[in-house]
Asks: 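My questions all concern the structure below.
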Amino acid sequence: MNTQELFFRYFESIHRQGPGNTASTNRAFQIAKPFLPDKPLIADIGCGKGAQTIDLARQTNGQITAVDIHQPFLDSLEQRAAELNLTNHIRTLQADMNALPFSPESLDLIWAEGSIFITGFENGLKNWRRFLKPGGIIAFSESVWFSDDAPDKIRNYWNEVYPDIQTIEASLELIGECGYEVIGHFSQPKECWLDEYYYPQEAILDRWEPLYAEDPELSGLLKMFRREIEQYKQYGDYYGYEFFIIRKP
Ligand SMILES: C[S@@+](CC[C@H](N)C(=O)[O-])C[C@H]1O[C@@H](n2cnc3c(N)ncnc32)[C@H](O)[C@@H]1O
């Protein structure tokens with residue numbers, strides 16, 4: 001086993017691959033809904049195993065193309081969609097979010113929960129804009145500072161892992177500069193991070209850390225996951241995910 005294999009096995013073992021929950025997905029979708037046609041064409045980018053894809057499919061008559069680079073996540077989503085009789089609404093597509101194969105102005109809604117950071121916040125907003133029909137919507141969650149006075153320790157941590165993190169105000173400004181209007185935004189509650197994302201990881205780490213203790217690379221990866229969780233438990237009042245629902249005029 002190498003670190004990449006362990007990385008994927010780890011995320012394949014949990015229900016969500018990023019912070020989120022059904023209530024937040026539903027809340028964001030309800031904000032977008034008045035602006036969507038009856039049967040919207042939706043792309044869920046960086047869908048992972050598709051926890052939010054399933055939540056979306058339950059609320060729409062539309063068609064969702066669930067996109068991820070990692071085929072085993074898509075296989076898992078397909079199986080779950082079949083079990084829930086949702087295959088009429090969901091198709092999967094293995095593709096790179098930096099080179100999406102959609103036609104110009106073909107989508108009513110782009111969904112990106114905890115994934116736009118991979119291509120870059122600004123980059124994603126600029127590059128994905130062309131796939132939206134006029135009036136089309138992007139709904140995405142992104143890391144933000146909730147406070148201007150975060151302690152140095154957590155600022156230094158974020159500088160190391162994701163220096164592009166901004167305040168909500170700065171994010172809203174950037175959204176405007178990229179040519180979108182904001183329909184709504186809200187901060188995701190701590191349950192999204194703890195109950196849905198970090199507690200399931202802790203259960204895995206408790207089992208796996210002893211198994212890989214002798215391997216410096218594998219145990220280093222697990223330490224990195226553990227450190228992320230501990231940072232959140234200590235400093236989670238200072239940062240989190242903001243869900244933004246924005247519209248191409
Ligand atoms: C942080 S996870 C979020 C997954 C899911 N949206 C959720 O909230 O549970 C990011 C996802 O993006 C996928 N990903 C990473 N790089 C990608 C790329 N270049 N193109 C498409 N998907 C990518 C990963 O495989 C992973 O499933």
Side-chain angles (χ1 to χ4, degrees), residues 1-29 44-58 66-84 86 90 92 111-118 140-144 154 157-158 161-162 186-213 215 217-243:
M1 167 107 60
N2 61 34
T3 44
Q4 198 192 20
E5 285 162 347
L6 187 67
F7 178 92
F8 282 115
R9 254 192 71 196
Y10 182 80
F11 284 105
E12 284 162 19
S13 307
I14 53 179
H15 174 57
R16 282 186 181 273
Q17 288 63 53
N21 68 6
T22 294
S24 287
T25 300
N26 292 355
R27 181 172 171 191
F29 186 75
D44 181 3
I45 313 288
C47 63
K49 288 168 71 177
Q52 74 290 315
T53 322
I54 300 285
D55 291 333
L56 286 176
R58 286 181 160 139
V67 180
D68 205 279
I69 198 115
H70 187 56
Q71 184 62 42
F73 288 159
L74 298 174
D75 294 342
S76 166
L77 170 56
E78 280 186 11
Q79 193 182 334
R80 183 112 196 283
E83 284 160 11
L84 296 169
L86 290 169
I90 299 172
T92 64
W111 203 267
E113 275 200 54
S115 58
I116 199 168
F117 77 92
I118 292 163
F140 66 102
S141 55
E142 170 69 342
S143 309
V144 292
I154 190 62
Y157 173 77
W158 275 94
V161 297
Y162 187 55
F186 60 89
S187 305
Q188 293 194 263
K190 282 196 171 170
E191 303 95 87
C192 290
W193 292 77
L194 295 172
D195 301 350
E196 298 280 334
Y197 190 53
Y198 286 147
Y199 293 155
Q201 289 185 45
E202 283 184 318
I204 295 173
L205 288 170
D206 289 346
R207 286 205 314 274
W208 289 12
E209 277 164 345
L211 300 179
Y212 301 112
D215 184 312
E217 287 191 353
L218 300 183
S219 66
L221 179 68
L222 299 182
K223 270 195 197 116
M224 192 185 83
F225 293 144
R226 183 71 86 176
R227 181 169 169 235
E228 182 187 320
I229 298 170
E230 276 157 13
Q231 298 295 325
Y232 185 78
K233 284 185 171 171
Q234 198 173 351
Y235 298 111
D237 288 337
Y238 294 100
Y239 66 91
Y241 266 1
E242 191 74 3
F243 222 125

Asks: Can the ring centroids of Y235 and Y239 be said to lie less than 6.0 angstrom from one another?
Replies: no
Asks: Of all residues at least two apart in sequence or in a different chain, which pass the side-chain contact (heavy atoms from CB on, under 4.5 Å) check with N2?
Replies: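 Counting only residues at least two positions away or on another chain, N2 forms a side-chain contact (heavy atoms from CB on, under 4.5 Å) with Q4, E5.
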Asks: Check K49 against H15 and note the closest heavy-atom contact, atom names and distance.
Replies: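 Closest pair (atom of K49, atom of H15, distance): CB-O, 4.1 Å.
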Asks: Just how far is it from atom OG of S115 to atom CD of Q52, taken to the nearest 0.5 Å?
Replies: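 Between S115 OG and Q52 CD, I get 7.5 Å after rounding to 0.5 Å.
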Asks: Answer yes or no: is there a donor N or O on one side and an acceptor on the other, between the side chain of D68 and the main chain of G48, under 3.5 Å?
Replies: yes
Asks: Does L84 offer a backbone N or O that forms a donor-acceptor pair with the side chain of R80 under 3.5 Å?
Replies: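 No, R80 side chain to L84 backbone: no donor-acceptor pair under 3.5 Å.
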Asks: Could you verify whether a donor N or O on one side chain and an acceptor N or O on the other, from D75 and Q79, lie under 3.5 Å apart?
Replies: no
Asks: Would you check if there is a donor-acceptor pair between the side chains of T92 and E78 at a distance under 3.5 Å?
Replies: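 Per modelled atom types, E78 and T92 side chains form a pair under 3.5 Å.
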Asks: Determine whether E209 and S219 make a side-chain contact, defined as any pair of heavy atoms from C-beta on separated by less than 4.5 Å.
Replies: no
Asks: Is the number of heavy atoms from other residues, nucleotides or ligands within 6.0 Å of CD (E217) greater than 12?
Replies: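 No.
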Asks: Can you find a pair of side-chain heavy atoms, one from S143 and one from Y241, that are under 4.5 Å apart?
Replies: yes
Asks: Enter the distance from L74:CG to I90:CD1 here, rounded to the nearest 0.5 Å.
Replies: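 It comes to 11.0 Å.
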Asks: Rounded to the nearest 0.5 Å, how far does CG of L194 lie from CD of Q201?
Replies: 11.0 Å
Asks: Work out which heavy atom in T3 is nearest to a heavy atom in L221; give both atom names and the distance.
Replies: O-CD2, 3.5 Å
Asks: Does a donor on one side chain sit under 3.5 Å from an acceptor on the other, for Q17 and H70?
Replies: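 There is no such pair (donor and acceptor under 3.5 Å, judged by atom type) between the side chains of Q17 and H70.
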Asks: Under 3.5 Å, is there a donor-acceptor pair between the E228 and Y198 side chains?
Replies: yes
Asks: Would Y162 and E142 count as having a side-chain donor-acceptor pair, cut-off 3.5 Å?
Replies: yes
Asks: Could you check if a side-chain atom of E12 sits within less than 4.5 angstrom of a side-chain atom of S76, using non-hydrogen atoms only?
Replies: no
Asks: Between K190 and D195, is there a salt bridge with N-O shorter than 4.0 Å?
Replies: no
Asks: Under a 3.5 Å threshold, yes or no: a donor from one side chain and an acceptor from the other, between E113 and W111?
Replies: yes
Asks: Taking the six-membered ring where the residue is Trp, are the ring centres of F140 and F243 under 6.0 Å apart?
Replies: no
Asks: How about E202 and R226: do any of their side-chain heavy atoms sit closer than 4.5 Å?
Replies: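 SC-SC contact between E202 and R226 confirmed.
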Asks: As a test of understanding, state which of Y197, F11, Y212, Y232 forms a ring-ring contact (aromatic ring centres under 6.0 Å, His included) with F225.
Replies: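 For F225, the ring-ring contact (aromatic ring centres under 6.0 Å, His included) check succeeds only for F11.
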Asks: Please confirm whether the backbone N or O of S24 pairs with a side-chain atom of N21, one donor and one acceptor, at under 3.5 Å?
Replies: yes
